[in-house]
Structure formats: C-alpha cells, structure tokens
Amino acid sequence: MIAFILRRIVQSVIVMLTVAIVAFALFRFVGDPVASMVGQETTLAERAEIRQALGLNDPFPVQFFNFVTRAVQGDFGVSYRLQQPVMELILSRLPATLELALVSGVLAFFFGVGFGVYTALRRGNWLSGSIMTISLIGVSLPTFLIGVLLIWVFAVELQWLPSFGRGDTVYIGDWWRTGLLTESGRASLILPAITLGLYQMTLIMRLVRAEMLEVLRTDYIKFARARGLSNRAVNFGHALKNTLVPVITITGLQMGSIIAFSIITETVFQWPGVGALFIRSVQFVDVPVMAAYLMLIALVFVVINLIVDLLYYAVDPRLRVDRSSARG
Amino acid sequence: MTAISNKPPLLSVRDLVVEFPTRRGTLRALDQVSFDIAEGEVLGMVGESGAGKSLTGAAIIGLLEPPGRIAGGEVWLRGERIDNLSVEKMRRIRGRRIGMVFQDPLTSLNPLYTVAEQLIETIRTHIDVSEKEARKRAIALLDRVGIPAAARRIDDYPHHFSGGMRQRVVIALALSAEPELVIADEPTTALDVSGQAQIIDVLKDICAERGASVMLITHDMGVIAETADRVAVLYAGRMAEIGPVRDVVQAAEHPYTAGLMGAIPTLTQTADRLTQIPGSMPRLNAIPQGCAFNPRCPRVFDRCRAERPELIARASGRHVACWLYETETENV
Ligand SMILES: Nc1ncnc2c1ncn2[C@@H]1O[C@H](COP(=O)(O)OP(=O)(O)O)[C@@H](O)[C@H]1O
Ligand code: SF4
Ligand SMILES: [Mg+2]
C-alpha cells in the first residue's frame with residue numbers, strides 16, 4: 001500500500017515536471033517577457049538591465065530550475081496585464097471555478113449513474129429510449145450552444161434564472177468567496193452547472209449503462225438470482241457495486257476535464273473563475289498567468305488521478321494484496 | 001416413475017417445451033421433456049453439449065433468459081405447480097426450495113463481497129434469523145463443505161480461495177437456505193481433475209444428510225455411474241432414455257445412449273467397433289424429421305425418418321424413445 005502510494009507520487013512528480021517544462025517554454029519563448037513588462041519609452045540599456053535582473057541571460061537549465069523553485073513556492077511572477085502577483089489573481093478566482101466544477105461533477109455523477117442504471121434495467125421501454133436519444137443530443141451539441149440555449153430559455157424567455165455572473169457572494173475564511181450560501185448565488189450556479197456537467201453526465205450515463213448490462217450478464221449475477229435474492233439486492237447490491245468500480249475511474253478523470261472545460265462555460269456565463277481569467281490572459285498574451293494556469297490544471301489532474309487510484313483500491317478488494325492472498 | 005412409493009415425486013417435469021423466438025422462426029430447444037426426481041434421489045442428466053441440459057435447469061428455476069420461454073408443459077414441485085407462479089413467488093422458491101450450483105466457481109461469486117456477506121445475505125433472504133445466527137450457520141456450513149478454518153476464512157474475499165475451495169463455497173451458498181432440490185450444472189467441469197471427485201462427494205454427502213434431491217448435470221458418465229440413482233439422457237432437446245443408472249450403463253436400450261456408453265449392442269456385432277458416435281448433434285434449426293437421432297443411428301429404419309418416437313415406459317423399468325422398442329411395449 002505504501003509502496004503503491006509512493007510509486008504514484010513519483011509518477012505524479014514526473015508528470016508535473018514535464019508540464020513545468022512546457023509552461024517554462026511558454027513563459028520563456030512566447031513573446032518577449034521584457035517587452036511585455038516595460039513601457040514604450042524604456043531604453044535599450046534599461047531593458048538589458050531588466051533582462052539581467054530577471055535572470056534571462058542565465059543558461060536554460062538554471063532558468064528552468066529557478067522557475068520550478070519559484071513555482072513550488074507558488075510564485076509565478078506578476079501578471080503583465082494586471083500588474084498583480086499571478087498566484088493572488090488565481091487564488092481569488094479559484095473558488096468560483098471549483099464551486100462550479102464541483103456542483104457540475106456531483107450533478108453529472110448522480111444523474112449519470114441514475115439514468116445509466118435506469119436505462120440498463122428498463123431496456124426497451126419508451127422512457128429509456130427517450131433518455132438515450134436525448135443523451136445523444138447531449139454528447140453531440142457543443143457546450144457553448146447548450147449554454148446559449150439554456151440562457152435563452154430560462155433566463156431570457158422564462159426569466160427564472162440569471163444569465164450571467166455569480167450573484168451575491170460571501171467570504172468563508174479569509175479568501176474563499178462562496179456563492180453557495182446566498183440565494184442569488186445558488187440560482188446563478190444552476191445554468192452554468194448544467195451546461196458544464198451535461199456532457200460528462202451523458203458520458204457517465206452511457207458508461208454506466210454499458211457496464212451495468214455487462215455485469216448483469218455475469219455468472220455471479222445469475223447465481224445471485226438463482227439464490228432467490230430480491231431484484232433490489234441483485235440490481236443495486238450486487239450489480240451496481242460492480243458497475244461502479246470502473247465508473248469511478250472515469251468519473252474522477254472527468255472531474256479534471258470539467259475544470260479544464262470550464263473555460264467555455266465561464267466565458268458564456270461571464271463566470272468570474274480561472275477559466276475566464278485564462279481566456280483574458282490569452283487575449284493579452286499574459287504569459288505568466290497562462291503558464292500558471294497550465295500548471296494548475298496539471299496539478300488538478302494529477303491529484304484527482306491519485307485520489308481515483310486510492311478510491312479504486314478501497315472499492316475493489318482484489319487490488320488489496322495482503323497476507324491472506326497467500327493462503328488458499 | 002421409480003414407482004417405489006405412491007407419494008408424488010419431489011420434482012415432476014411434464015412435456016416441457018422451451019422456445020427461442022428468432023427473426024428466422026422459432027427455435028425449439030427443449031421438446032416435450034418429461035422426467036421425475038424422487039425424494040432424496042440423485043438424478044444424473046447427460047447429453048452432448050447443446051443438448052439442452054442447462055436450459056432444463058434454468059426452466060425449472062424460472063431463470064430462462066429472454067427471449068427464451070417456456071412454451072408448453074408443466075413443472076411440479078412436491079405436488080405444486082411452479083412454472084406459472086408469479087415472479088415474486090418463484091423468487092422465494094429459488095434458493096429456498098431449489099438450489100443451483102453453476103459450472104464455473106471462478107465467476108460464480110461476487111468479487112466485491114466477502115464469503116460471509118454473500119452467505120449471510122442469502123440465509124437471511126429466506127430464513128428469519130439474526131445476523132449473528134446466520135453467521136453461525138454460515139460458518140457451520142463452510143466447515144461442512146470442507147473449508148479449513150472456516151470461522152476465519154469466512155471473512156475472506158472470493159479471490160482468496162482456490163478454484164476447488166470456491167466451488168465448495170458455491171455449494172455452501174446453494175445449500176444455505178436448505179433447499180429440497182439442488183440442481184448442479186456441471187459443477188466440476190471447470191476444476192482440475194484431482195479436485196473433481198471430492199466436490200461431487202461433498203455435494204452428494206450433504207444432500208444425502210439433509211434428504212435433499214439432486215439433479216446432477218454432467219457429461220461425465222463415470223461421475224453419473226458412481227453418483228446417480230437414475231440417469232436421464234437428453235439428445236437435441238428431447239429425452240432419449242431414463243432409467244436406473246446401473247441398468248442404463250450396463251445395457252443401454254436407446255442406440256444413442258449405447259453410443260454414449262461406448263458400446264452399441266446389436267444382435268450381430270459386438271461392442272468394440274464403435275466407441276464414438278459418428279456425426280454430430282443437429283442444430284436447433286435443422287432437427288431432422290422423425291427421430292432426431294436418425295441420421296447418426298446405426299439401427300435406423302424407415303419409420304425413424306417419418307415419425308417421432310414417444311418416450312414410453314418399458315418392462316425393464318426405464319423409459320425409452322425409440323421405435324425399436326415400440327412393439328414390445330404394446331405387447332407388455
Ligand atoms: N439465447 C439463446 N438463443 C437461441 N438458442 C439458445 C439460446 N440459449 C441456448 N440456446 C440453445 O439451446 C440449446 C441448449 O443449450 P444448453 O441447455 O445450454 O445445452 P447444454 O446441454 O450444453 O447445457 C443449444 O442448442 C443452444 O444453442
Ligand atoms: S428411433 Fe430409429 S433412429 Fe431413432 S434411435 Fe431408435 S432406431 Fe435409431
Ligand atoms: Mg450447459
């Protein structure tokens with residue numbers, strides 16, 4: 001178990017270093033850092049001085065080492081555009097993105113599993129058929145279109161829900177601004193969360209359905225039925241649990257994608273999260289922010305991967321290599 | 001059929017027909033299969049792969065997989081008709097009155113639950129006992145089927161057990177609610193040879209102790225000869241011959257059974273020529289007219305190709321479906 005975790009951590013570090021190389025290359029070679037930092041009237045001599053001060057004349061390995069060292073400490077420099085420390089910028093916008101992603105992920109998981117199980121158990125009835133058809137639309141429509149459609153129906157036509165922003169927010173602790181505790185905050189979250197989670201939900205649903213159908217054909221399910229266990233015990237106790245083993249992995253990985261894809265949703269709904277910040281940074285070639293965002297997304301993926309592996313391990317006893325496997 | 005007592009048999013299958021509707025017509029996988037199992041009796045069921053042995057078991061416990069369905073006939077359990085029961089009533093019979101052991105112990109157990117969890121769940125589904133009492137029974141049962149250190153091993157997961165041990169666990173599960181009949185569908189086929197006899201012995205002994213009957217499906221005639229009281233021979237979804245095992249093994253009457261036994265008893269030639277029946281069992285969409293065995297039968301004659309022989313009682317105490325014996329019966 002400990003060896004397993006250590007191995008995974010080493011792998012994670014390697015992944016992060018690889019991403020750091022990309023982020024560094026971006027940072028170093030896209031545009032001229034000095035030109036982005038200084039005004040028009042700065043003289044060539046002054047520019048050379050800044051170059052020297054920033055360490056841009058050092059050999060690349062040294063520069064990379066310094067980049068990583070600062071990154072580990074959360075120092076990604078100062079935003080060219082906003083002249084604010086990048087980390088501060090990101091931290092102030094992270095809660096918005098995480099809340100959106102979390103709510104989307106939870107919605108996607110529960111509805112995905114629910115619909116998946118329903119359509120697997122009630123194959124051939126009209127409701128299953130409709131769910132499957134609608135889910136096809138869900139996977140094929142682009143996210144921004146779904147967002148725009150939802151805004152049009154629920155915000156413009158029906159005027160039930162706000163079409164942009166986070167609504168009112170309050171602080172939890174020093175820096176976490178949450179929208180979950182205010183009514184307008186929660187109302188503002190609904191449309192973006194659906195938009196962001198819909199694709200993942202259909203994905204999870206189709207996966208659960210396929211996996212569940214597979215599991216229902218297995219011998220141990222037949223044997224469970226042959227022992228007279230109730231349908232509920234067989235379908236939900238025995239079949240669903242086995243179905244969820246692979247689903248957990250995919251769902252976990254989808255959480256990473258949700259955060260990464262929140263860029264589009266945040267843009268459509270003018271959601272003040274890191275995705276929207278990233279889009280603005282790209283427009284202004286605000287390289288430090290872009291590099292930091294890249295590292296952040298990579299970190300999210302790596303951490304989620306690690307959690308998923310541990311969950312997998314907790315759910316499936318076959319992965320637990322312990323004393324007793326030697327017996328038998 | 002055994003006619004030893006006038007009590008109704010434990011299980012009575014009458015003219016059972018199982019069909020699979022397909023786009024290109026309906027396949028008849030079991031065609032008027034009839035047999036009885038007496039109280040405490042071990043009935044062996046043999047036949048080539050695809051003969052319909054597993055379907056017979058599935059039809060009895062009401063677990064035919066759609067689109068397969070019972071299209072005719074009746075199944076009686078201790079004088080009560082069970083083939084037309086509601087889903088819920090049938091569920092209460094499964095496990096409680098009819099237990100089932102499947103072929104592959106490696107895939108029969110849910111990998112995510114401990115043996116204890118699976119046993120206790122099954123016991124408490126059918127018998128109103130506390131968790132603690134169920135656990136006690138489960139341990140006793142595991143001990144009885146020959147799991148060493150049962151009290152400790154019960155909390156292990158299936159993958160901690162070897163194939164033979166897992167099949168013992170499967171037997172314990174099948175017997176956990178004390179059924180009157182156990183249907184064992186090739187319970188040793190997936191095991192290596194060394195463990196097979198033990199599993200059969202365990203199954204047979206426990207059922208004997210409890211007075212439970214067994215329907216033992218296998219294609220191993222050796223096992224049948226040692227274990228079963230009577231044997232039923234299935235061919236292409238039809239019953240060819242049923243009778244006391246010693247008689248059938250030593251002097252098969254149906255030419256197919258004789259072929260299975262590795263000997264064709266004809267008046268003119270002795271056994272050594274044919275140990276295997278040439279040809280293969282017909283597919284369900286190509287069962288010949290008349291006797292299903294006629295293209296392969298060494299003693300076929302005209303009538304076999306035109307009319308299907310009924311399963312008839314013979315003076316020898318068995319039942320045979322073959323035109324060779326019809327006249328004789330009429331005279332009896
Ligand atoms: N779902 C199905 N659709 C069509 N035919 C089937 C289906 N399941 C089983 N059969 C047919 O039923 C016959 C009997 O199968 P089975 O009872 O499994 O044979 P066995 O004697 O080997 O246990 C076989 O010919 C098989 O092809
Ligand atoms: S009925 Fe005819 S073909 Fe069929 S087994 Fe008897 S002799 Fe052979
Ligand atoms: Mg079979």
Side-chain angles (χ1 to χ4, degrees), chain A residues 1 113 117 119-125 128 208 211-249 310-328, chain B residues 57-58 61-63 65-66 87-88 90-114 117-119 121-126 147-149 152-153 155-166 170 173-177 179 183 185 190:
Chain A
M1 175 74 189
V113 170
V117 168
T119 51
L121 292 179
R122 295 272 178 279
R123 232 167 347 141
N125 84 3
S128 298
V208 166
E211 198 62 38
M212 183 96 174
L213 287 175
E214 191 75 24
V215 169
L216 287 173
R217 276 195 294 270
T218 59
D219 286 352
Y220 58 82
I221 292 301
K222 283 184 206 155
F223 188 39
R225 290 200 199 288
R227 299 201 301 275
L229 303 186
S230 68
N231 270 336
R232 202 165 55 109
V234 173
N235 291 336
F236 297 99
H238 289 260
L240 183 58
K241 192 167 177 189
N242 278 278
T243 301
L244 288 184
V245 173
V247 171
I248 285 173
T249 325
L310 292 177
L311 266 181
Y312 209 60
Y313 201 80
V315 173
D316 193 337
R318 284 165 295 188
L319 297 179
R320 287 175 230 149
V321 183
D322 53 14
R323 267 179 318 106
S324 45
S325 63
R327 293 185 239 146
Chain B
I61 61 169
L63 284 182
E65 277 172 46
V87 172
E88 179 59 17
M90 196 60 214
R91 179 184 72 72
R92 288 204 208 121
I93 285 180
R94 285 197 288 274
R96 182 71 177 110
R97 301 189 60 195
I98 306 177
M100 185 97 194
V101 175
F102 289 104
Q103 181 168 340
D104 189 351
L106 297 185
T107 56
S108 287
L109 298 168
N110 190 331
L112 300 187
Y113 290 105
T114 63
E117 286 165 337
Q118 303 189 42
L119 272 165
E121 180 185 27
T122 309
I123 292 172
R124 295 193 67 196
T125 296
H126 296 291
I147 305 279
R152 188 164 50 87
R153 297 300 311 270
D155 290 311
D156 282 349
Y157 286 92
H159 71 276
H160 292 138
F161 294 85
S162 67
M165 285 295 153
R166 274 194 235 187
V170 168
L173 273 165
L175 289 164
S176 59
I183 300 175
D185 191 351

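In what follows, chains carry the letters A, B, and so on, assigned in the order in which the sequence lines appear, proteins first and then strands, with residues in each chain numbered from 1.
- Closest non-hydrogen pair, B/Pro111 versus A/Asn242, comes out as CG-OD1, 3.6 Å.
- Using cut-offs of 30° and 60° on the angle between ring planes, the pair B/Tyr113 and A/His238 is tilted.
- Among all heavy-atom pairs drawn from B/His159 and A/Pro317, the shortest one is CE1-O, 3.3 Å.
- The parts of B/Leu173 that come within reach of chain A are both its backbone and its side chain, each placing non-hydrogen atoms under 4.5 angstrom from that chain.
- Atom CG in B/Leu106 sits 10.0 Å away from atom CG in A/Asp219 (nearest 0.5 Å).
- In this structure, chain A has a heavy atom under 4.5 Å from the side chain of B/Ile61, while its backbone stays farther away.
- When heavy atoms are compared at a cutoff of 4.5 Å, B/Glu88 does not approach chain A at all.
- Of the inter-residue distances, the one linking A/Arg227 atom CZ with B/Thr122 atom OG1 reads 3.5 Å to the nearest 0.5 angstrom.
- Of the listed residues (B/Pro158, B/Gly95, B/Ala149), the one with the most heavy-atom contacts under 4.5 Å to chain A is B/Gly95.
- With chain A as partner, the option from B/Val170, B/Thr125, B/Asn110 having the largest number of non-hydrogen pairs under 4.5 angstrom is B/Asn110.
- The CG atom of B/Asp104 sits 11.5 Å away from the OG1 atom of A/Thr218 when rounded to the nearest 0.5 Å.
- To the nearest 0.5 Å, atoms CE (B/Met100) and NZ (A/Lys222) are separated by 10.0 Å.
- For the atom pair A/Phe223 CZ and B/Thr107 OG1, the distance stands at 10.5 Å (nearest 0.5 Å).
- For B/Glu65, the part lying under 4.5 angstrom from a heavy atom of chain A is the side chain only.
- With a 4.5 Å cut-off on non-hydrogen atoms, B/Arg91 touches chain A through its backbone and its side chain both.
- Considering all non-hydrogen atoms of both residues, B/Phe102 and A/Ala226 come closest at CE1-CB, 3.9 Å.
- Interface residue B/Ile98: only backbone heavy atoms are found under 4.5 Å from chain A.
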